[in-house]
Amino acid sequence: MTQTRSSRSGADFLYQSSVPEDIFTPEDFTDEHKMIAKTAHQFVTKEVEAHRETIENQDFDRVVTLLKKAGELGLLGHSIPEKYGGLGLDKISKGIVGEVVGRTSGYGVAQSNHTCIATLPITHFGSNEQKDKYLPKLASGEYLGAYCLTEPNAGSDALASQTTAVLNSEGTHYILNGTKLYITNAVFSDTFIVYAKIDGKHFSAFIVEKDFPGLSLGPEEKKMGIKGSSTRSVILEDCQVPIDHLLGEVGKGHVIALNVLNLGRFNLGSACTGGAKHALNLALQHTNERKQFGQTIASFTATQEKVAVMMARIYASESLQYRTASLLEEAMKDLYDEEDHRIVGKQMMEYAVECAICKVFGSETLDQVVDESLQLHGGAGFIQEYPIEQMYRDSRINRIFEGTNEVNRLLIPGNLLKKALKGEVALEELVEKAKRELSSKGKDSLTEEDAIRSIRNVFLLCVGVAFEKHGEELMKHQESVIKLANIAIMLYAAESSVLRAVKHTQRDHHIKTALTRTFLEEALLQVEASARKLIMSLLPTREKSEVLNLIIRELSSYDFGSSLERNREIAKHSYNNLKYEV
Ligand SMILES: Cc1cc2nc3c(=O)[nH]c(=O)nc-3n(C[C@H](O)[C@H](O)[C@H](O)COP(=O)(O)OP(=O)(O)OC[C@H]3O[C@@H](n4cnc5c(N)ncnc54)[C@H](O)[C@@H]3O)c2cc1C
């Protein structure tokens, strides 16, 4: 079944295919997108990277100066409507800025945190007065913001907050008490979006200003990486918050906290993709110069294979990021003036699965690429003088914040299961159809698009097996859920890569097809590994081998030509450009 764009809904890639025309790709950038990319790129290379050491040494005054400069350039206001001093650009522009700034890690975290989770709660859930008061200042950088959800006893289980808000006897102020942990930008923030339970029960959001009596900060945390981004606890001791600083409705703080995190996860995926490109570029430049055994490191075919695999993984990450950006834009383009918060929340949640994948795939791509790039630097990679050393330390946090990758993985099959239980998706029919297709022999053609169909069918077959075994209790069996999520992530990444290559058959077709094939080979292996582990753990011996044979036969039937030649070609293309370019 192939669906057109108009009838799409969140996570439907899990059970139906798309057509290439439905996918937005970087090749579709408009002049406006190219312009904001250029502005962001110039700012990062001329202003931010020139101060890398100062920022790494935690000169937060420098970080603030840079944030204000970013504000002057419009780089803080891309997602704020024009009437509130922003640029009111689309989510593709948001992705572009996130990606370009992402390569600066510590500074990038500060800027993205400000524009995304610290500002969006007001943009989408603020009253007109709150928007008038704060958004122009947040867009210009006059005010900088923080987002305060985590607490000592409420991390992944964020709604277990123990921070309380009690209305004072005069009815003029909420009195907040509690501690927020690991808060990015805390040291220089003017506004803090704080979540607290009114009367210990009703989880709600508040805009707290830095000078409100009762707000103080803990000492700067000593971190492994992203040192250029401030992290402190925010302590609220009888903090007096005027009643008109309640954000949204009493008891609806979760609608703000969790939905804003969806966009945060998308943004984090963009930032990680930008970081991965930068790490690859460092590897290309270093290996192209450094000689051993009388030849450059770049000339060794083992290096070339590493470069090809990194390129292909980044290409997949980039493809799924911009595909998701456009889906988010579709869902959210009319939300700036929407006053019904239920509608705002619903639209922001529509692509929660895709946003979770952006976060997981992006952060794991960055970790893989940074690790391999450091390895290609040899001993130099371990020395602080080389920027890859810092990138290695900086990248690790991305698998932890904005919801750990485990928590994000659990969300992916959970979404499908909920839809199935509500009758919105005919899961049983889809599983039966997948089984039939997997059992039918003798396929005429085995294209990249066929491979996507195969991965989807394997996913649905595995969902069917897991559901039959665990029933409605499936979500309690996390070992199975995580493996289903692994397959789903590979499905989205591989499909985004394939559709992008098919869409652009005319332009630079060769390199995109090569990258797609190299990524697909890896995806098919990973899907097979997750599916095998799942089936081995769930089915009795008798049925096990039959189902395993079906899966292995299907996934191993694809042959995209010699990976040896193809990967050397990809490496050649990369060394010609000396940077990620497709
Ligand atoms: C540098 C930095 C900056 C941060 N910035 C902010 C910020 O600005 N604002 C903010 O509010 N927070 C911020 N955080 C907090 C961050 O979002 C949390 O650390 C993160 O959500 C994880 O929570 P936790 O640390 O309590 O880990 P825990 O929840 O204790 O998790 C520990 C481990 O248990 C696993 N786990 C937890 N629950 C489950 C489950 N149900 N099933 C399976 N496994 C599970 C996790 O995946 C993880 O591997 C920041 C953290 C850091 C380190």
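Order of listing sets the numbers, starting from 1, for every ligand and every atom in it.
Of the listed residues (Phe401, Phe192, Tyr182, Tyr195), the one carrying the non-hydrogen atom nearest atom 13 (C) of ligand 1 is Tyr182. Summarising the contacts of atom 42 (N) of ligand 1 with Met224, Glu406, Gln478, the nearest heavy atom is found in Gln478. Within the set Thr150, Val234, Leu181, Val194, the minimum heavy-atom distance to atom 11 (O) of ligand 1 is found for Thr150.
For atom 32 (C) of ligand 1, no protein non-hydrogen atom is found at a distance below 4.0 Å. Within the 4.0 Å cut-off (strictly below), a protein heavy atom is located near atom 37 (C) of ligand 1. Distance check for atom 45 (C) of ligand 1: every protein heavy atom is found at 4.0 Å or beyond. The nearest protein heavy atom to atom 23 (O) of ligand 1 is closer than 4.0 Å. In this structure, atom 7 (C) of ligand 1 has protein heavy atoms in its sub-4.0 angstrom surroundings.
In the vicinity of Ile400, heavy-atom distances shorter than 4.0 Å reach the ligand 1 atoms 20 (C).
In terms of modelled atom types and a separation under 3.5 Å, the side chain of Ser530 and the main chain of Val527 share no donor-acceptor contact. Counting only distance, with no hydrogens or angles, the side chain of Asn185 and the backbone of Ala110 share a donor-acceptor pair below 3.5 Å. Judged by distance alone, the side chain of Glu354 and the main-chain N or O of Ala11 form a donor-acceptor pair under 3.5 Å. In this structure a side-chain-to-backbone donor-acceptor pair under 3.5 Å is present from Lys68 to Gly141.
Counting heavy atoms under 4.0 Å from ligand 1, residue Ile397 touches it through the side chain alone. Heavy atoms of Asn185 found under 4.0 angstrom from ligand 1: none, in either backbone or side chain.
Distances between N or O atoms of Thr404 and those of ligand 1 include at least one value under 3.5 Å. Close N/O approach between Tyr147 and ligand 1 is found [any backbone or side-chain N/O within under 3.5 Å]. Geometrically, ligand 1 and Lys223 share no nitrogen or oxygen pair separated by less than 3.5 Å. Remark: ligand 1 and Leu149 share an N or O pair separated by less than 3.5 Å (distance only, no angle test).
Pairs of residues two or more places apart, or lying in two chains, that qualify as salt bridge (charged side-chain N to carboxylate O under 4.0 Å, His left out) and include a residue from residues 216-228 are Glu220-Arg232.
Taking the six-membered ring for Trp, Phe459 and Tyr15 have ring centres at least 6.0 Å apart. Taking the six-membered ring for Trp, Tyr336 and His124 have ring centres closer than 6.0 Å.
The nearest heavy-atom contact from the protein to atom 26 (O) of ligand 1 is Gly155 CA, 3.1 Å.
Using a 4.5 Å heavy-atom threshold, the side chains of Leu120 and Lys94 count as touching.
Taking the salt bridge (charged side-chain N to carboxylate O under 4.0 Å, His left out) definition, one finds that Glu472 meets it with nothing, sequence neighbours left out.
Remark: Glu318 engages Lys277 in a salt bridge, criterion side-chain N to carboxylate O under 4.0 Å.
Contact analysis puts Leu410 in contact with ligand 1, with a non-hydrogen atom separation below 4.0 angstrom.
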